[in-house]
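Working notes, beginning with the structure itself.
Along the sequence shown, the residues carry numbers beginning at 1.
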Amino acid sequence: MTPGTVSRRLPLVWLALHRRRRMLLTLLIAMVVFETLIVVIAGAVPNGELFGARRTPPGGAFKAFSGSNGDVSIASYPGLLGAGLTHPVWIALQLTVIGSLGAAAVAADVESGTIELLMTRPVSRRRLLAERAGALIVASVLLNAAATLAVALGVAFSPKLREAVPESGVFSAGLLGCALAFCLIGPVLAVSALSRRRAHVVGAAVALGAGGFALNFVALAWSPAGPLRYLSPFHYYAPGDALAHGGLPWTSPVVLIGVGLLGLLAAFRLLERRDLAV
């Protein structure tokens, strides 16, 4: 199937990606540069200095920073690379894509007043949301693929990292990143389907992403708040564990994808029932 065929069959997907091609290219480059920097830093730390710190068990707060719910310390190669996949820069790049394309799905057209004109065309509400959601998912997958490829190449070319981090762990962490993105995409699209302001959608993306990380951090650092960690998507997103053990528990992607699907179903239902003229 040629790109021209795809653009004719899925015109809204192609148009959404085309309109934001410069932003997406910038974010992809930024992600590759950032993860490459993390890999270079991790590879530059001497073995003795790095692993000498592992004599002390990692605290809960450090688990959050290393992307771990278990025994993976930030003072280890998997922990350092995991920190690059939970770093505020990584989160910000993900939320930029989700907030921008999520707002453009419905709310931006309602705010600008172009939604009624769009609905006069032979495009159903379901198709409108489905194709724009597809564009957002494609963009998020590309961003996570860029991060995964940068880490994978760094591990492959560094004997120290290759010995400590299995290749399957890198790709498991990448798949888990896609699942986390989808977990955020569903609810954000539901807000877009309901809201009249793109700022509301961007705010929801930030609240779910940054707020979710903060909640998981507090729950790990402060034992009385421990049970709250199950409410955070970052409890189920543990790239440090995946990098260290070469895989991930099936429950984590199931929960993340399940939440995303519920949000996506809610978005379709809300858009079908909504009066777009109000």
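Checked options Arg196, Arg125, Arg132; the residue passing with Asp109 is Arg132 (criterion: salt bridge (charged side-chain N to carboxylate O under 4.0 Å, His left out)).
The number of heavy-atom neighbours closer than 6.0 Å to CZ of Arg162, taken from other residues, nucleotides and ligands shown, is above 12. Atom CZ of Arg273 is surrounded by 12 or fewer heavy atoms from other residues, nucleotides or ligands within 6.0 Å.
Through side-chain heavy atoms spaced under 4.5 Å, either directly or across other Ile, Leu, Val, Met, Phe, Trp or Tyr residues, Leu262 is tied to no other residue. Through direct or indirect side-chain contacts shorter than 4.5 Å among Ile, Leu, Val, Met, Phe, Trp and Tyr, Val33 is connected to Leu25, Ile29.
Residues meeting the side chain to side chain contact (heavy atoms under 4.5 Å, CB included) test with Ala139, sequence neighbours left out: Leu17, Leu24, Val97, Leu101. Taking Glu167 as the reference, nothing meets the side chain to side chain donor-acceptor pair (under 3.5 Å) condition, with sequence neighbours excluded. Residues satisfying the ring pair (Phe, Tyr, Trp, His ring centres under 6.0 Å) criterion with Phe157, sequence neighbours excluded, are absent altogether.
Connection of Phe268 to Leu12 is established within a shared hydrophobic cluster, with ILVMFWY side chains joined at heavy-atom distances below 4.5 Å, either directly or through further cluster members.
Residues Glu35 and Trp90 form a side-chain contact, since some pair of their non-hydrogen atoms from C-beta on lies under 4.5 Å apart. Residues Pro233 and Leu208 have side chains not in contact (no heavy-atom distance under 4.5 Å, counting atoms from C-beta outward).
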Just distance, no hydrogens or angles: give the donor-acceptor pairs under 3.5 Å from side chains in residues 168-177, sequence neighbours left out.
{"from": "Ser168", "atom 1": "OG", "to": "Gly246", "atom 2": "O", "distance (Å)": "2.9"}
{"from": "Ser172", "atom 1": "OG", "to": "Ser168", "atom 2": "O", "distance (Å)": "2.8"}

